[in-house]
Asker: 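The structure follows.
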Amino acid sequence: MRSRCPMPIVKILAILGFCVSIICSAFGKVIHHHKFVVESSPHSRLCRTKEILTVNGEFPGPTLKARRGDKMIIEVYNKATYNITIHWHGLKQERNPWSDGPEYITQCPIQPGKKFTYRVDLSVEEGTVWWHAHNGWARATVHGAIIVYPMLGSEYPFPKPHAEFPIILGEWWKKNVMEIPGKANLTGGEPLISDAYTINGQPGYFYPCSKKGSYKMMVEQGKRYLLRIINAIMDESMFFAIVEHELTLVGKDGFYMKPFTTDYLMITPGQSMDVLLEANQSPGNYFIAARAYADAVGAGFDKTIVTAFLQYQGSYHSSRSPLPNLPPYNRTQAATDFNKQFRSLASENHPAKVPLVVDTHLLYTLSVNLLNCSTEKPCKGPFGKRFASSVNNISFITPKIDILQAYYYGIEGVFEEDFPRKPPNKFNYTSDNLPENLLTPSFGTKVLVLEYNCSVELIFQGTNVLASDNHPVHLHGYSFYVVGRGFGNFNPKKDPLNYNLVDPSQETTVGVPKNGWVAIRFWADNPGVWLLHCHIERHLTWGMSMVFIVKNGATPRSRIVRPPHDLPTC
Ligand SMILES: *[C@@H]1O[C@H](CO)[C@@H](O)[C@H](O)[C@H]1NC(C)=O
Ligand SMILES: *[C@@H]1O[C@H](CO)[C@@H](O)[C@H](O)[C@H]1NC(C)=O
Ligand SMILES: *[C@@H]1O[C@H](CO)[C@@H](O)[C@H](O)[C@H]1NC(C)=O
Ligand SMILES: *[C@@H]1O[C@H](CO)[C@@H](O)[C@H](O)[C@H]1NC(C)=O
Ligand SMILES: *[C@@H]1O[C@H](CO)[C@@H](O)[C@H](O)[C@H]1NC(C)=O
Ligand SMILES: *[C@@H]1O[C@H](CO)[C@@H](O)[C@H](O)[C@H]1NC(C)=O
Ligand SMILES: *[C@@H]1O[C@H](CO)[C@@H](O)[C@H](O)[C@H]1NC(C)=O
Ligand SMILES: [Cu+2]
């Protein structure tokens, strides 16, 4: 719909819906143009109207559609009173970190009244990914789906669905979400939690003034549907189910999976899942529902249930269905059982290129920390202290100008290159009793420099420093293979013996289990500046992130592309 191509003749074709055009193929690519206007717009939920930050006035924002290998050009106009940046979550952005989006990592923010054009080349990804703001807490309302179809002439590796539905899990706050991080930083305590979860923008049946607006997924009996489910929630992993219907997972994070059938999903912030649904029950109106999976002790979270309807077309006696059985909030086992079924296709058309020999071994601890406040002015975090978080005991300090510019133009004093390859102190990471002197992290804007196309094994080790949690870690610019996971401390002698190097799942956001570890492998074949962070927003805000700089290779095709001329300045 919003796609158009540069030349007039092509525009006409585009209106008719065929943007597979002469000009586009002359560039060797199909190009999709989009215009994003970021502005505050009024929306009504929970019996009240308020202004929220949106793209083109929509919440959730527009769905972008393309085929594998296409190009998307997105002009972003900032007509809001806040800074903004947009991240294309799950897209590799080959050699083009300039369009990746995280503020002060790969760009300065687009300031009010300014514009910036993102150029996104789709490459290896196929399936559902998404876009979201990557500054402050703007992503709470500024997000939308990206659907990448197979290339022309190739097909889904699963039975063709009759139709598809994007399902975006989001949240609603009665207060202004843009003020949350600032206020939380003033108190040092937990950020405000949401008043409702949403499915495609709607809180659903159990909320005041929301019954009528509930999202309805209309289906025909006997048909098959593809759900493209995205967790755009700030802080909560979710259990998701549809009453009396099984779900077949066929893809995740823009990569296909060996299909498996399940009664429920566990989806972390940042993840997206492609799920087949057979409308094979007697015609009726069935509840779709989701609620938090939150097993960290003591952490506050939104305990409500969001619902939508799976509604069969035709006539039937409409009686309200029961709710689906969702696992209890703290059922770690349910999350584990679900995750361990992930396998990549590892087929001829979708091979698993897992590094079998590793030359770069990394071990990163993920910790939630506490900082002292003065005794006269205690903070609102636990024990009168303030929250922080860290990777390898470094709590990330966001610089004033972006790391990519500083690296590319050789501006000194912005970052240091000494991010540790392993934890600076070895301790029993998952012990029930850790000494208090481990609580306080150190601080810095530290990056780790990787040689071009080195083969990396990275172990994420959850710790029990303040409290353990499931940390969904997201790596920009890359996908990786999840070759192993477990509870307790990673054992470098025993655990690698159980790795799956044949058909491990390919992901871009992986949930590191509470008091456990995950092992990932990837080729560092994408030069640039790439952020790695926990996708639980409060953890990111507190400092649970680090940055990789992947060096250029020897050939022109293995170097970072030139910066765009409209790059925002700080
Ligand atoms: C958060 O508060 C601390 C003081 O407690 C201050 O040093 C820091 O700059 C603040 N950070 C942000 C992002 O406002
Ligand atoms: C989960 O919560 C229930 C109810 O609060 C509690 O009884 C149970 O012990 C908890 N389970 C775990 C594994 O923490
Ligand atoms: C924090 O305060 C505690 C108790 O007052 C003290 O023992 C500890 O040394 C302080 N830690 C730091 C890093 O200042
Ligand atoms: C580490 O802590 C866990 C949990 O408290 C305990 O079960 C385990 O024995 C400890 N490991 C070592 C090597 O001390
Ligand atoms: C982190 O670094 C701080 C400051 O050097 C130190 O006090 C603390 O013990 C370290 N914690 C861990 C878990 O290594
Ligand atoms: C990276 O190295 C591997 C192993 O040497 C090789 O198979 C692969 O083609 C290389 N990738 C690139 C992009 O150079
Ligand atoms: C917006 O970005 C500019 C440039 O980096 C910065 O100076 C300004 O403080 C930012 N504004 C806010 C409200 O963060
Ligand atoms: Cu986290």
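For the numbers below, each heavy atom of this structure counts, side chains included, while hydrogens, waters and symmetry mates do not. Counting starts at 1 for both ligands and their atoms, following the listed order. As the structure is a prediction and not an experimental result, all values here were calculated from the model.
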Asker: Between Ser558 (side chain) and Asn552 (backbone), is there a donor-acceptor pair under 3.5 Å?
Answerer: no
Asker: With Arg291 as the cation and Tyr329 as the aromatic partner, state whether NZ or CZ is under 6.0 Å from the six-membered ring centre and within 45° of the axis.
Answerer: yes
Asker: Would you please test His89 and His143 for ring-ring contact (aromatic ring centres under 6.0 Å, His included) and show each step?
Answerer: CA-CA 10 Å; His89 182 114; His143 59 245; over 10 Å; no
Asker: Can you pull out the closest protein heavy atom to atom 1 (C) of ligand 6? Residue, atom name and distance to 0.1 Å, please.
Answerer: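 Heavy-atom neighbour on the protein nearest atom 1 (C) of ligand 6: Asn453 ND2, 1.5 Å.
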Asker: Does any N or O of ligand 6 fall below 3.5 Å from an N or O anywhere on Trp523, backbone included?
Answerer: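 Looking only at distances, the answer is no, because the N/O contact criterion of under 3.5 Å is not met.
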Asker: For the Cu ion (ligand 8), which N, O or S atom of His539 is at the shortest distance?
Answerer: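 Within His539, restricted to N, O or S, the Cu ion (ligand 8) is closest to atom ND1.
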Asker: Could you tell me whether Asp525 and Lys92 make a salt bridge, using a distance below 4.0 angstrom between a side-chain N and a carboxylate O?
Answerer: yes
Asker: Strictly inside 4.0 angstrom of atom 11 (N) of ligand 6, do you find any protein heavy atom?
Answerer: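 So far as the 4.0 Å threshold goes, atom 11 (N) of ligand 6 is in reach of a protein heavy atom.
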Asker: Would you say His535 reaches the Cu ion (ligand 8) with an N/O/S atom under 2.8 Å?
Answerer: no
Asker: Parallel, tilted or perpendicular: which describes the rings of Trp517 and Tyr499, with under 30° parallel and over 60° perpendicular?
Answerer: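 Tilted, since the angle between the ring planes falls between 30° and 60°.
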Asker: Does His476 have its ring centroid less than 6.0 Å away from the ring centroid of His533?
Answerer: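 They qualify: ring centres under 6.0 Å apart.
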Asker: With a 4.0 Å cut-off on N to O distance, would you call Asp274 and Arg228 a salt bridge?
Answerer: yes
Asker: Is atom 7 (O) of ligand 4 less than 4.0 angstrom from at least one protein heavy atom?
Answerer: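 No, there is none.
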Asker: Distance below 4.0 Å between atom 14 (O) of ligand 4 and any protein heavy atom?
Answerer: yes
Asker: Among all protein non-hydrogen atoms, which one is nearest to atom 9 (O) of ligand 4, and what is the separation to 0.1 Å?
Answerer: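 Minimum-distance protein heavy atom for atom 9 (O) of ligand 4 reads Asn428 ND2, 4.7 Å.
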Asker: Could you check atom 5 (O) of ligand 4 against the protein and tell me its nearest heavy-atom contact, residue, atom and distance included?
Answerer: Asp432 N, 3.0 Å
Asker: Which angle, to 10 degrees, forms at the Cu ion (ligand 8) with ND1 of His471 on one side and SG of Cys534 on the other?
Answerer: 130°
